[in-house]
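Here's the structure, in structure tokens; my notes come after.
Excluded from the calculations below are hydrogen atoms, water molecules and symmetry mates; all remaining heavy atoms, backbone and side chain alike, are included.
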Amino acid sequence: MSGTLDIVLRNSTDASALYAHVTGTSDDGLFILSSDGKTAYHPPNPTQTLSPLGADCAINIGGAGQTKTLTIPYVSGGRVWFSKEKPLSFFVNPGPALVEPSALNARDANYELDWGFAEFTFNRSELYVNISFVDFVSLPVSLRLENADGKVTNVAGMPSDGLEKVCAGLTAQGQKDGAGWDKLVVRSGAGSLLRALSPNSGAVMVPDLLKGYFDKYVEAVWAKYAKEDLTVNTQFKWGDAKGRVNADGQLDFGGDAGKFGKPSAADIFSCNSGPFAHGEGVTDEALNIGARLAAAFNRSTLLANSNQPEGEDVAKYYQEDPTNHYARICHATSVEGRGYAFPYDDVGSSHGVDQSGFLNDPKPKTLTIGVGAPLE
């Protein structure tokens with residue numbers, strides 16, 4: 001690969017101006033693309049928290065229908081951010097560490113803006129890029145990747161009215177079961193729809209939201225696998241792991257495969273706390289199995305399928321109650337049903353249809369990102 005990548009940004013919103021920001025980590029440290037769309041900027045290490053960036057890094061794509069081409073070097077942990085009408089505000093803490101916009105802090109300078117992002121890593125091996133609903137749904141983002149051989153792949157993302165449809169679905173689900181799904185809908189101070197939060201994000205804004213939601217389901221799963229084995233295919237060098245609930249009430253896969261206690265709703269939605277947490281003494285194999293368990297809990301397939309995830313069928317996801325209705329609604333709304341709706345939404349059968357909305361290629365040529373509506 002050449003070491004640089006062209007990214008074409010298209011404004012398919014109704015905004016008179018759409019702004020972009022590109023952030024991540026390059027070989028030279030903290031990376032932000034300058035407003036010219038070509039020059040790397042590396043903020044100095046400040047002595048104060050919330051220090052200004054010190055450079056103009058807002059890229060004006062232009063009005064509706066306009067495009068702009070950017071060029072980036074190798075960047076890991078990258079995001080391309082978008083905001084309608086006004087640029088986003090970024091700050092730098094000692095480190096230097098970037099202070100990103102927050103959808104969960106009403107005092108954040110960006111809270112009332114209409115913004116979103118795509119995630120990517122571009123290195124010497126490949127480009128990997130995805131659209132994400134893990135934190136929230138807002139501006140529709142779509143992807144098209146052309147490689148050096150002319151092959152084109154796509155992720156269509158949300159339709160132009162995706163946010164409205166997701167919010168309507170959450171409101172309807174909240175009215176149906178009274179669990180609080182409607183509280184994930186966020187409106188601006190003026191009353192317009194701003195974003196739909198994931199359950200994990202919603203719990204930050206509304207303490208105890210959906211607390212205890214999965215308790216009865218978890219009890220049923222534990223009762224089932226106290227009597228029979230649960231097989232988890234690690235889809236890696238460890239092969240199949242067989243687990244059963246032991247006398248101590250833990251779902252025990254034996255040895256380095258780990259033992260798992262009963263997860264709470266917060267553990268299931270976040271996929272990284274309680275029995276799914278990383279930490280000292282937690283093996284890579286246990287983390288692998290935990291990811292597959294967390295995915296099955298979110299999709300409510302553990303009672304129906306004891307062969308995870310190779311025995312999974314996408315058509316049977318989210319069919320049982322309780323389930324992650326936010327993820328269900330996101331996938332039902334997305335064109336082709338693709339886009340990360342929880343942290344391990346990339347887990348699935350090796351013969352199944354990708355749910356996570358990612359593209360990757362070892363020979364990327366041009367990445368096109370559409371904002372506001374799927375790319376044509």
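Cation-pi geometry between R195 and Y111 is met: the NZ or CZ atom falls under 6.0 Å from the ring centre, inside 45° of the normal.
Under the 3.5 Å distance criterion, the side-chain polar atoms of S34 are left unmatched by any main-chain donor or acceptor of D36. In terms of modelled atom types and a separation under 3.5 Å, the side chain of N288 and the main chain of T234 share a donor-acceptor contact. Listed for the N147 side chain is a donor-acceptor partner under 3.5 Å among the backbone atoms of D149. Remark: the backbone N or O of G243 is not paired with any side-chain donor or acceptor of D252 at under 3.5 angstrom.
Here the side chains of R144 and V152 are in contact, with some heavy-atom distance below 4.5 Å. In this structure, the side chains of Y344 and S356 stay at 4.5 Å or more apart for every pair of heavy atoms. The side-chain heavy atoms of N324 and I268, taken from C-beta on, include no pair separated by under 4.5 Å. Residues P364 and L145 have side chains in contact (heavy-atom distance under 4.5 Å, counting atoms from C-beta outward). The shortest distance between side-chain heavy atoms of L170 and I329 falls below 4.5 Å. Proximity of K176 to W181: side-chain heavy atoms (C-beta onward) are nowhere separated by under 4.5 Å. The closest side-chain heavy-atom distance from I7 to L9 is below 4.5 Å. Using a 4.5 Å heavy-atom threshold, the side chains of H331 and Y317 count as separate.
For R124 and D27, the salt-bridge test passes: some basic side-chain N is under 4.0 Å from an acidic carboxylate O.
Scanning for side chain to side chain contact (heavy atoms under 4.5 Å, CB included) contacts around L104 gives S102, L197, S201, V204, M205, with sequence neighbours left out.
Under the 4.5 Å side-chain contact rule for hydrophobic residues, Y128 and F117 do not share a cluster. Both L139 and L194 are part of a single hydrophobic cluster, where members link through side-chain heavy atoms under 4.5 Å apart. The hydrophobic clustering, which links ILVMFWY residues whose side-chain heavy atoms are closer than 4.5 Å, places V141 and L193 together. By the criterion of side-chain heavy atoms lying less than 4.5 angstrom apart, applied directly or through intervening Ile, Leu, Val, Met, Phe, Trp or Tyr residues, V8 is not grouped with V371; the two fall into different hydrophobic clusters. L70 and I32 end up in the same hydrophobic cluster when Ile, Leu, Val, Met, Phe, Trp and Tyr side chains are linked at under 4.5 Å.
The CG atom of L143 lies 6.0 Å from the CG atom of L367; values are rounded to the nearest 0.5 Å. Distance CG/L53 to CG/L98: 6.5 Å, rounded to 0.5 Å. Atom CG of L302 and atom CG of L293 lie 6.5 Å apart (nearest 0.5 Å). Here M158 contributes atom CE and L163 contributes atom CG; the two are 8.5 Å apart, rounded to the nearest 0.5 Å. To the nearest 0.5 Å, atoms OG (S12) and CG (L18) are separated by 9.0 Å. Taken to the nearest 0.5 Å, the CD atom of Q308 stands 8.5 Å off from the CZ atom of R299.
Counting all heavy atoms, side chain and backbone alike, S270 lies closest to N200 at CB-OD1, 3.3 Å. The shortest non-hydrogen separation linking S160 to P374 is N-CD, 4.2 Å.
Counted by atom type alone, D248 and N246 present zero donor-acceptor pairs between their side chains at under 3.5 Å. Side-chain atoms of S273 and D267 include a donor-acceptor pair closer than 3.5 Å. Side-chain contact of Q355 with D345: a donor-acceptor pair under 3.5 Å is absent, judged by distance alone. A donor-acceptor contact under 3.5 angstrom links the side chains of S300 and T323, judged on distance only.
Ring geometry for F297 against F276 counts as tilted: the plane angle lies between 30° and 60°, on a 0 to 90° scale. The aromatic rings of W81 and W115 sit tilted, their planes meeting at an angle between 30° and 60°. Aromatic ring orientation, F122 versus Y74: tilted (interplanar angle from 30° to 60°).
Applying the 6.0 Å contact sphere to CD of E320 captures no more than 12 heavy atoms from other residues, nucleotides or ligands. Around the CG atom of D256, the shell of radius 6.0 Å holds no more than 12 heavy atoms that belong to other residues, nucleotides or ligands. Crowding of K211 atom NZ: a count of heavy atoms from other residues, nucleotides or ligands under 6.0 Å not exceeding 12.
Between F214 and F269, the distance separating the two ring centers is shorter than 6.0 angstrom.
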What do the steps show when you test E312 against K316 for salt bridge (Lys or Arg N to Asp or Glu O under 4.0 Å), and what is the final call?
CA-CA 8 Å; E312 291 283 65; K316 296 180 180 178; over 6 Å; no
Given the rule in the side chain to side chain contact (heavy atoms under 4.5 Å, CB included) test, do D361 and L127 qualify, once you have shown the distances and angles that lead to the verdict?
CA-CA 6 Å; D361 199 283; L127 169 69; 5.7 Å; no
Show your reasoning for whether salt bridge (Lys or Arg N to Asp or Glu O under 4.0 Å) applies to K237 and D284.
CA-CA 11 Å; K237 63 184 179 182; D284 288 343; over 6 Å; no
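When the options T171, V206, L209 are evaluated for a side chain to side chain contact (heavy atoms under 4.5 Å, CB included) with L184, the one that passes is L209. In summary, of the residues considered (I131, D346, D135), a side chain to side chain contact (heavy atoms under 4.5 Å, CB included) with Y340 occurs for D346 alone.
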